[in-house]
Amino acid sequence: MTSREFDGIRLEKLREHVWEIPREGDMNVPARVLASEDLLEEIGEDDTLRQLRNATHLPGMVEPALCMPDGHQGYGFPVGGVGAIDARTGCISPGAVGYDINCGVRMVRTSLAYDDVRGREEELVDALFEAIPSGLGGGGVIDGDADAIDGALERGVEWAVEEGYGIESDLAQCEDEGRRPDARPEYVSQKAKDRGRNQLGSLGSGNHFLEVQRVTDVFRDEVADAYGLSEGQVVVLIHCGSRGLGHQTCNDYLRRIEREHADLLESLPDKELAAAPAGSELAEEYYGAMGACINFAWVNRQLITHRTREVFGDVFDADPIDDLEMELLYDVAHNIAKKETHEVGVGPDGLPAVGDEAVDRADRELYVHRKGATRAFPADHEEVPEAYRSVGQPVIIPGSMGAGSYVLRGGSESMSVSFGSTAHGAGRLMSRTQAKQEFWGGDVQDDLESEQAIYVKAQSGATVAEEAPGVYKDVDEVVRVSDELGIGDTVARTFPVCNIKG
DNA sequence: ATGTGC
């Protein structure tokens, strides 16, 4: 059997693109990396594998802990990590969701062709940059008051559409229809709400962006038809999260775990994996608060969508819905934990079990943690919107601002291989600090414009350097692995036209 | 990711 070892961590190749870290010591389950040999070499260079192995110590983890092909090291739990944990006997881990709760991405279609936009890129990028708040700190599309925050946290996109910031179809074309039914705004602290109030409709910083793109390739005609995508079409990608509100909420609950569940914390190999035991008051409150932050992030992307439609309407002197057909393709969460029912191995006592200890398989309710991973439910799954039910849910995978992005559809193998999940992006190759040593923001922008006709406008040159195309892995290779594993199948590829950043 | 550290 082929095997590879990185810094004392050995992986056995089970089959093409599937590498297992065998269970040993206090690991509850094995761990698996879904990657080609080339991607595995990159994943093995940072702390990802050790973090993935540590994650298997979380109580109640069922089946192997997973790392998607774009995985890299994160806070405690790797980015690109998927961890399914028994919701009755296990735990829920804020560290396995991430600071930016429901950081995610949506794609908006248009009826414009690249030729309609060509030559007007700078006018468009200037108008978008002017209209859409970005960067660190406050300022949003709307000035939120207490009612707005409560509406957003409780009801998500439903609230935004009622307030006039969207159209009816925006609801159906969003994961969970833009509203977590189990959101509990009362478990979000006043401090977090105060931070979110003036950030409703703002991109933020880091890897967040709004990008106008053109469809360059269609790989599966019948799926692209169902998604309303065709070659040459202009689309808009919006990538952002829950800003200070989600960050504050993650922090609030990490502190409470330290105070109220120090025993569980002590038992973990890395304190950053902090988790609350299933059934505890804290677990319930975090789950409800996280659901509210998820709704906030959806409202954030909805308000940016609203403003984007207005900008396109102005620039192209047309009605954004009736003429430009700016409908939402889909909105997917990249950082989330949700109760989902999946089939898992169970022992004689009926509890989830792995390897030889499993005597049967049965449906169990799990906290599926996806941290830097996308839900990728296949055709016929009841949670796929009706318009896409026969082909599978759209999966949106942003690459870098120099490489473009992909639209996939949930693959037929995703439920059995990855708890209905696939990759979420290209994955970082180097730290932000290293990126700033390697690149200069202004040079990156000049090169993109002169060599690829891509127009980037950003609040901070440092952010452009941190997000330079060269700091990312090869997104083509990431989606090739997803496609070959059958967890997410390529549908279309896009290429950047212009991009605004924090 | 983030009022760019507690």
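Chain A is the first sequence line, chain B the second, and so forth, proteins listed ahead of strands; every chain is numbered from 1.
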Sugar-phosphate, base or nothing in reach of A/G244, heavy atoms under 4.0 Å: sugar-phosphate

Distance, rounded to the nearest Å, where A/Q459 contributes CD and B/dT4 contributes C1': 15 Å

Euclidean distance, atom CZ of residue A/R432 to atom C1' of B/dG5 [Å, nearest integer]: 17 Å

Whole-Å gap separating P (B/dC6) and CZ (A/R255): 7 Å

Position toward the 5' end of DNA chain B (nearest nucleotide), A/E467 or A/L136: A/E467

Touch class at under 4.0 angstrom, heavy-atom based, for A/K371 against every strand present: nothing

Length of the line joining A/D252:CG and B/dT2:C1', which is rounded to integer Å: 13 Å

Touch class at under 4.0 angstrom, heavy-atom based, for A/E466 against every strand present: nothing

A/T305 versus A/V108, closest heavy-atom pair with distance: CG2-CG2, 4.0 Å

Ring pair (Phe, Tyr, Trp, His ring centres under 6.0 Å) against A/Y472, all qualifying residues, sequence neighbours excluded: none

Nearest-Å distance for atom pair CD/P, residues A/E258 and B/dC6: 11 Å

Whole angstrom value for the distance that separates P of B/dT2 from CG of A/L245: 12 Å

Separation of B/dT2 C1' from A/I101 CD1 (nearest whole Å): 12 Å

Residues in side chain to side chain donor-acceptor pair (under 3.5 Å) contact with A/S189, at least two apart in sequence or another chain: A/D252

Touch class at under 4.0 angstrom, heavy-atom based, for A/G206 against every strand present: sugar-phosphate

Side chain to side chain, A/V417 and A/H17, heavy atoms closer than 4.5 Å: no

Length of the CD-P vector between A/E272 and B/dG5, whole Å: 15 Å

Lys/Arg N to Asp/Glu carboxylate O, A/R428 vs A/D46, below 4.0 Å: no

Sugar-phosphate only, base, or nothing, as touched by A/S242 at under 4.0 Å among non-hydrogen atoms: nothing

